[in-house]
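Any value given below was found using the heavy atoms of this structure, including those in side chains, with hydrogens, waters and symmetry copies removed. Chain letters run A, B, ... following the sequence lines, proteins first and then strands; every chain starts at 1. Owing to the predicted nature of the structure, the values given are computational and were not obtained by experimental measurement.
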Amino acid sequence: MKYDFTAIEKKWQKKWMEEKTYAAVTGDTSRPKFYGLVEFPYPSGNGLHVGHARPYTAMDVVARKKRMDGYNVLFPIGYDAFGLPTENFAIKNHIHPAKVTHDNVANFRKQLQMLGYSFDWDREVNTTDPSYYKWTQWIFLQLFKKGLAYKTSMPVNWCTSCKIVLANEEVVDGVCERCGGAVIRKEKSQWMLKITEYAQRLIDDLDGLDFIERVKTQQKNWIGRSTGAEVDFKTTAGDTLTVFTTRPDTLFGATYMVIAPEHAYVKKWKDLITNYADVEAYVAEAGRKSDFERTELVKDKTGVRLEGVRAINPVNGKEIPIFISDYVLVSYGTGAIMAVPAHDTRDWEFAKKFGCEIIEVVQGGDVQKEAFTLKDDTGIMVNSDFLNGLTVKEAIPVITKWLEKSGIGHEKVNFKLRDWVFSRQRYWGEPIPLVHCDKCGWVPLPEDQLPLVLPEVDSYEPTDNGESPLAPMTDWVNTTCPCCGGPAKRETDTMPQWAGSSWYFLRYMDPHNDKALASKEALEYWSPVDWYNGGMEHTTLHLLYSRFWHKFLYDIGVVPTKEPYKKRTSHGMILGEGGEKMSKSRGNVVNPNDIVDEYGADTMRTYIMFIGDFEKAAAWSANAVKGCKRFLDRVWNLGEMEHTGEDYSPANEAAVHKAIKKVSEDIEAMKFNTAIAALMALVNDFYANGASRGDMKALILMLSPFAPHICEEMWENMGFAAAEGKMACQMAWPVYDESKTIASEVEMAVQIQGKLRGSVKVPMDSDEATVVAAAKAVDKVARQLEGMEIVKVIHVKNKLVNLIVKPAK
RNA sequence: GCCGGUGUGAUGGAAUUGGUAGACGUAGCGGACUCAAAAUCCGCCGCUGGCGACAGCGUACCGGUUCGAGUCCGGUCACCGGCACCA
């Protein structure tokens with residue numbers, strides 16, 4: 001019989017679906033559980049990409065292996081379906097986004113099933129489903145009630161093309177992440193979530209997690225904790241200007257101050273500033289620029305001196321000038337700095353341009369030529385009164401203590417992390433369930449009124465004035481205040497796409513619950529996610545946001561664990577044939593459908609796992625796909641041969657045990673490529689030695705997580721299904737015996753002076769004398785030993801022997 | 001600039017974490033089968049010299065530790081990813 005992958009795959013997929021093979025989550029809490037999670041897809045109109053297939057296949061292999069290991073496995077899938085592309089498509093084609101979403105989801109589901117993934121299809125979730133976003137809204141209300149959601153007017157990133165407010169995270173290289181349009185700053189009233197309140201915990205709790213290191217460091221850098229001090233400077237205006245500095249030791253070198261253009265004191269000092277017109281012009285100019293434009297002008301510092309107001313350096317009473325400049329950010333620290341040009345590159349550049357004094361306070365450089373910025377033990381303090389002679393390291397605690405004692409400063413920790421801009425002026429998102437009443441202010445919708453369903457609108461177009469498309473819907477907007485019963489208006493902004501994905505893994509645990517986001521029992525049993533694999537691009541967005549929400553839910557007693565994910569791994573990108581990123585314009589996009597049609601899902605799965613190191617980027621190769629098809633053909637043809645013996649054959653026994661060990665360990669370590677290589681090597685052995693039924697049984701079971709369809713078919717054809725009364729995927733994973741992984745004889749390397757000179761076959765675990773004797777008998781070795789005497793022997797059991805020699809006397 | 005990572009045959013990539021570098025696959029070459037081709041099966045396949053047995057060299061580059069280094073240490077170069085006027 002020929003390997004008819006199309007018929008085989010159709011047959012088994014149907015059987016798995018009909019028998020709900022993977023929905024058999026038993027609820028038997030005595031069994032160990034395993035929760036494997038992949039990032040649910042955004043159901044775009046383009047359908048599934050090969051980029052999805054890599055992480056999904058990997059976790060499917062893990063899930064299948066875990067089931068065979070006896071775990072109760074939760075391996076779910078869903079759709080993160082709110083978002084701009086759907087909305088844009090809907091606008092362009094005049095189709096309701098819900099309809100677009102429904103069709104795209106249907107297509108995705110078909111493709112996922114075509115690849116044979118063992119998802120539990122009874123637990124599918126969709127973030128746009130009102131029964132789902134009811135709970136997204138519920139979580140938002142809890143955040144609001146705890147004071148973690150607030151509305152504020154702030155300069156925001158405004159995409160001129162999408163006409164939408166973007167989170168800092170959505171601005172990449174100064175342009176909109178999605179459309180590439182120009183981003184400017186605009187003053188807008190926005191809902192914010194206080195993720196900064198959790199900054200310290202988001203760093204601290206990383207320590208206990210099994211996340212790959214680069215994810216941890218990237219999150220830490222993003223949160224950006226730095227320790228320093230806040231210092232109060234008195235001014236000639238009679239008030240106090242507070243700055244944040246990480247270098248309080250350099251306080252004696254502070255020769256001027258800089259405040260951000262948006263700093264409140266600019267307006268406060270209006271009457272004192274004699275050049276206010278210049279100042280005002282500069283502020284206006286800075287306000288127009290986007291963050292990107294401001295940072296682009298790095299080389300050339302700009303600013304204006306505030307004439308009429310001066311600050312007083314608290315350590316020496318010196319009067320120093322104050323400037324405004326956009327190199328100081330209003331959103332970090334206090335929005336004001338003390339400038340120490342001698343020891344900070346940016347201050348130095350500014351000082352050179354504006355002719356400020358440069359005073360050296362740490363020895364070690366020529367501060368007139370460039371800033372000396374090393375903060376280590378070697379720098380000695382000078383020109384600093386009571387700090388003179390101390391090292392920088394010693395001076396910091398001394399000055400900090402002095403500041404505290406004098407009441408002009410204190411130690412302070414700052415974070416780069418900003419609060420999360422949570423509202424979007426868009427239609428296709430979760431409505432924010434709040435009502436504004438002139439008397440009562442912002443009032444949460446009563447929970448029994450959730451979900452607040454998106455109303456039908458005539459137009460999804462964003463409006464030019466930046467309001468949500470929901471805003472013109474007066475009969476929806478106008479409502480009554482849940483608090484006082486008076487007239488009130490609904491919030492018309494919607495939530496960002498990150499909302500629905502911040503907690504979806506909880507919903508999978510109990511997806512049909514209408515009393516809670518999930519039951520206590522389900523949360524207790526399944527939490528936390530044991531293994532979450534996803535893309536590096538989500539490290540500082542989705543992954544951080546969902547950790548934040550989860551910590552909040554933990555604080556209010558909803559979830560049982562502090563952290564949502566025990567283990568986080570990340571896969572590399574799949575590149576096009578030439579090693580370039582796949583894109584429509586390059587014409588190098590590989591469609592999974594085509595591969596499945598031509599070679600079958602099993603080949604697709606095997607290849608995508610064999611393509612290379614899972615964590616690194618890998619280029620697609622059409623030839624290598626054929627190689628994997630050839631491998632499966634060889635496996636199939638092996639099954640068509642005659643086999644006798646239910647045990648492992650003597651010729652293959654060691655190889656089979658070794659392969660079981662290798663494949664088991666490699667799957668656990670995400671080294672899927674070498675697991676498949678080991679199976680290929682085993683098949684080569686079987687071709688050379690012939691295979692027993694026992695040998696074949698082990699091979700089929702080990703291959704089944706990677707290529708499940710062909711394995712089930714062979715399992716059935718060879719009569720194993722009938723004998724066991726089970727499908728291959730329901731069998732126990734084969735076990736290996738360590739002592740049988742090694743043959744009775746081993747080949748050992750023989751080195752002389754550390755140089756390889758030959759090899760020798762000796763019985764397993766031979767002692768040194770035996771090995772040396774055998775080594776001397778090897779021709780090549782004997783020749784090298786002529787006229788030499790052995791002075792030292794290094795013997796590594798079963799590995800090698802190294803003979804150290806010198807000329808004999 | 002700061003943080004993280006990578007560098008191995010023509011090529012994708014292996015190497016039990018200091019112990020025979022190049023597993024497995026692709027491409028290539030040779031053979032069997034075939035009228036022929038495809039498919040399949042068998043063999044070869046780091047570089048240099050030699051008919052050959054064999055010898056020398058070889059994991060980006062320079063140096064070090066070690067009986068022994070792709071692996072550890074110091075330095076250099078190149079590339080990739082993240083952050084970036086964060087005081």
Requested in this report: State whether A:Arg757 places a side-chain N or O below 4.0 Å from either non-bridging phosphate oxygen (OP1 or OP2) of B:U20.
Outcome: no
Query raised in the report: In terms of the angle between their ring planes, are A:Tyr607 and A:Trp620 parallel, tilted or perpendicular, with boundaries placed at 30° and 60°?
Result: perpendicular
Query raised in the report: Taking the same atom, C1', in B:A60 and in B:C79, what whole-Å distance lies between them?
Result: 11 Å
Query - Whether A:Trp348 side chain and A:Val340 backbone form a donor-acceptor pair below 3.5 Å - result: no
Query raised in the report: Within the structure, does a side-chain N or O atom of A:Lys629 lie under 4.0 Å from either OP1 or OP2 of B:G25?
Result: no
Query raised in the report: Checking side chain to side chain contact (heavy atoms under 4.5 Å, CB included) for the pair A:Val304/A:Leu306: CA distance, chi angles, key distance, verdict?
Result: CA-CA 6 Å; A:Val304 178; A:Leu306 305 183; 5.5 Å; no
Report task. Please work out if A:Gly627 contacts a base, only the sugar-phosphate, or nothing of the nucleic acid, heavy-atom cut-off 4.0 Å. Result -> sugar-phosphate
Requested in this report: Pick the C1' atom in B:G18 and in B:C24, then give their distance to the nearest Å.
Outcome: 24 Å
Query - Interatomic distance at C1', B:A32 relative to B:U20, whole Å - result: 33 Å
Query raised in the report: When the P atoms of B:A21 and B:U71 are considered, how many whole Å apart are they?
Result: 13 Å
Report task. Establish, yes or no, whether a centroid distance under 6.0 Å links the rings of A:Phe323 and A:Phe354. Result -> yes
Query - Pairwise P distance, B:A10 and B:C80 [rounded to whole Å] - result: 23 Å
Requested in this report: Scan A:Ala678 against the nucleic acid and name what it touches under 4.0 Å (heavy atoms): base, sugar-phosphate only, or nothing.
Outcome: nothing
**Report entry** P-based separation of B:U11 from B:C3 [nearest Å]
**Finding:** 33 Å
Query raised in the report: Is any N or O donor-acceptor pair between the side chain of A:Asn802 and the base of B:C67 shorter than 3.5 Å?
Result: yes
Query raised in the report: More than 12 foreign heavy atoms under 6.0 Å from CD of A:Glu370: is that the case here?
Result: no
Query raised in the report: Quick one: the side chain of A:Lys780 and the base of B:C54, do they pair up donor-acceptor inside 3.5 Å?
Result: no
Query raised in the report: Are more than 12 heavy atoms from other residues, nucleotides or ligands located less than 6.0 Å from atom NZ of A:Lys797?
Result: no
Query - Secondary-structure string, 5' to 3', Watson-Crick or G-U under 3.5 Å, | for another-strand partners, for RNA chain B - result: (((((((..(((......[....))).(((((.......))))).((((....))))..(((((..]....))))))))))))....
Query raised in the report: Does A:Asn673 place a side-chain N or O at less than 4.0 Å from the phosphate oxygens OP1/OP2 of B:C24?
Result: no
Report task. Compare the minimum distances between each of B:G4, B:A87, B:C67 and the side chain of A:Tyr332, then state the nucleotide with the smallest one. Result -> B:A87
Requested in this report: Decide yes or no on salt bridge (Lys or Arg N to Asp or Glu O under 4.0 Å) for A:Glu349 and A:Lys353, but give the supporting numbers first.
Outcome: CA-CA 6 Å; A:Glu349 284 167 12; A:Lys353 184 162 175 186; over 6 Å; no
Query - Short side-chain N/O contact from A:Lys755 to OP1 or OP2 of B:C57, under 4.0 Å - result: yes
